[in-house]
Amino acid sequence: MFSASSATVSSSSVTTANSPRRRGIARLAASVVASGLVMAGALAGAGSAVADETPQHQGGAAAVLDGLKTFDRAVLHTNGRDQQLPAGLFEMTVDGGGKLKTYCIDIHNPTQDQAKYLETPWNQTSLGSNKNAGKIRWILEHSYPQVDDLAALAKEAGTGPLTEKTAAAGTQVAIWRYSDDADIDATDAQAEKLADWLERSAVDQAEPKASLALDPAAVSGKSGERLGPITVHTNAGQASVTPPADAASGVKVTDKAGKPVTAATDGAELYFDVPAGAADGTASLTVQATTSVPVGRAFAGVTKSQTMILAGSSESTVSATATGTWAKKGAIPAVSAKKNCAKGGVDVTASNTGDEAFTFELAGAKHTVEAGKSETITVPVAEDQAYDFTITGPGGFTKTFKGVLDCKTSGSATGGTETQTGGDKTPATSGGSSTGSTTGGSGDLAETGGSSATPVIAGVAIALVVVGGGAVFLLRKRKAQTTA
């Protein structure tokens, strides 16, 4: 039973830290020192551990970055120097099936190899405070790859012949001018003309709706009631509804009238139907659909990585999850969280549908939500920092929120430091192009900024080789002495 006794936040709560990727590598390095010999497979294990540290997803597509695929070159003018870098389209593989094409909207921030990305509302990224965000969406709708007739695009823009590579480069350059206020030019003459035309022609457009979202993401109530409503928002024709996994509890997902629901459309309202005799507890439902993610949706990294904006989508799997909490009496909380870029933190919203007050600690302070009330607390988090906090309560109630606050472009956060998106390497040429353009694979990812943890990984790998070699030497020496 939920009562008025205090809930607590775990010891890791509200403390920002270095990126989860770095923490994982640091733990790995420590284990090498402690044990003296670690299997090389531990490196892969560290990566998996980081991937599991995912934040609360508010619904939509989740994908893994495959790398920069179709690009040409550009020149960034910053701090009195010129730097060449690749400019073009990235690709992502969607969890559950599907492919996405994206452009970067954070030129000074490096990408992380195989980074996990989540579909994210504009106001939880740098787009939320960017007055030109709507113009970026216009560029996406009126250029490559949405306009794949390159001859028609070239004619309208007055550029001369375009290839996929130069069209992608020109589009990316135009986007960077609005997303990062970058002083940047495409090296190819036709690509530069396209960038100029797109920049001049762009007009504001509204943020596209989510491919799939549930609102609210958490509800609560007394046993014997229907908890909700949870409204489905989707651009898919129909979505499937997966009921709670614990069938023994008797909790079902229904409509307002109590009819079981297995499929839903946009605007549908879902409820947790909880039997009167159900033991106090929590359950979740999942809504899933196959649809094209709307062009212009933002994608934010689970760990620190370039923020992306969607330029094209195949039919992709999207999903969203909501939870329901119930009890017979006492405090009955529902807790959710989302980034608040305007206030520089994470909004934690706690509501209480019980008949007693719900008291919990957050950010070093106690908060009490009276019966039938709701309260939102903004937890301050530093820009580019990870957060990880857990709220626990009576009756086994627990809710954990993890993520990285990435609300600004790195240039705006640092005052315009040297770009990290383009390295000094030149990608392999294709067809003898003098511009160095190519349609590359994941190997080109380093061109757009590699992980800053790479030297650490290399060092750990060398340590493994040295320690392993020493162990083999000692074993051989001992065997020789035993034989003698």
Side-chain angles (χ1 to χ4, degrees), residues 66-76 84-92 99-105 107 127 130 132-180 182-208 292-299 308-316 421 427 429-440 444 447-448:
D66 290 333
L68 187 65
K69 297 292 185 178
T70 307
F71 62 93
D72 201 86
R73 309 296 294 184
V75 178
L76 178 66
Q84 280 211 10
L85 68 161
L89 276 169
F90 292 83
E91 288 187 8
M92 297 186 187
K99 288 284 187 179
L100 306 177
K101 293 185 177 181
T102 63
Y103 287 107
C104 164
I105 53 172
I107 192 173
L127 293 174
N130 187 339
N132 292 314
K135 293 183 178 180
I136 296 173
R137 187 188 176 192
W138 186 95
I139 291 171
L140 294 167
E141 295 280 7
H142 292 81
S143 191
Y144 182 76
Q146 284 302 300
V147 179
D148 57 4
D149 185 339
L150 297 181
L153 178 60
K155 182 178 180 180
E156 185 174 7
T159 64
L162 291 168
T163 66
E164 291 181 349
K165 300 167 192 173
T166 55
T171 306
Q172 176 65 92
V173 166
I175 289 171
W176 274 331
R177 290 173 182 174
Y178 281 128
S179 66
D180 294 76
D183 183 4
I184 190 167
D185 303 305
T187 57
D188 179 84
Q190 279 67 44
E192 174 64 11
K193 289 179 181 178
L194 176 62
D196 289 343
W197 176 77
L198 291 169
E199 183 183 12
R200 289 194 310 269
S201 305
V203 295
D204 281 331
Q205 288 194 347
E207 176 183 2
S292 293
V293 182
V295 170
R297 290 296 291 172
F299 278 78
M308 301 282 179
I309 192 164
L310 188 71
S313 169
S314 69
E315 289 290 296
S316 300
T421 52
T429 59
S430 174
S433 170
S434 61
T435 62
S437 63
T438 182
T439 301
D444 297 314
E447 279 292 304
T448 62

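Everything numeric in this text was worked out from a predicted model, so none of it was measured. Starting from 1, each residue takes its place in the sequence as its number.
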With heavy-atom distances below 4.5 Å as the criterion, would you say the side chains of [X] and [Y] are in contact?
| X | Y | value |
| --- | --- | --- |
| L89 | Y103 | yes |
| S313 | K101 | no |
| T159 | T166 | no |
| N130 | I105 | no |

Would you name the heavy atoms of [X] and [Y] that are closest together and state the gap between them?
| X | Y | answer |
| --- | --- | --- |
| L76 | A182 | CD1-CB, 4.1 Å |
| W176 | A87 | CZ3-CB, 3.6 Å |
| Y144 | D148 | CD1-CA, 4.4 Å |
| G160 | Q190 | C-CG, 3.7 Å |
| L198 | A174 | CB-CB, 3.8 Å |
| V295 | R137 | O-NE, 3.6 Å |

Sorted by chain and number, sequence neighbours left out, side-chain hydrogen bond (donor to acceptor under 3.5 Å, both in side chains) with K99 holds for D66, T93
Which is it for V203 and K135 under the side-chain contact (heavy atoms from CB on, under 4.5 Å) test, yes or no, and what are the steps along the way?
-> CA-CA 5 Å; V203 295; K135 293 183 178 180; 5.7 Å; no
Please confirm whether the backbone N or O of [Y] pairs with a side-chain atom of [X], one donor and one acceptor, at under 3.5 Å?
| X | Y | value |
| --- | --- | --- |
| T171 | S143 | no |
| Y178 | E199 | yes |
| D72 | A186 | no |

Identify, with sequence neighbours excluded, every residue that meets ring pair (Phe, Tyr, Trp, His ring centres under 6.0 Å) alongside W138.
-> H142
Spatial distance of atom CE (M308) from atom SG (C104) [nearest 0.5 Å] | 5.5 Å
Nearest-0.5 Å distance, CG of residue L310 to CE of residue M92 | 8.5 Å
Identified side chain to side chain contact (heavy atoms under 4.5 Å, CB included) partner of I175 from the options I139, I107, N132 = I139
Yes or no on side-chain contact (heavy atoms from CB on, under 4.5 Å) for L140 and Q146, after CA distance, side-chain angles and deciding distance?
-> CA-CA 7 Å; L140 294 167; Q146 284 302 300; 5.6 Å; no
Does a side-chain N-to-carboxylate-O contact under 4.0 Å join R177 and D185?
-> yes
So, are E91 and K69 salt-bridged, with charged N and O less than 4.0 Å apart?
-> no
Pairing residues for E207 by the salt bridge (charged side-chain N to carboxylate O under 4.0 Å, His left out) criterion, not counting sequence neighbours = R297
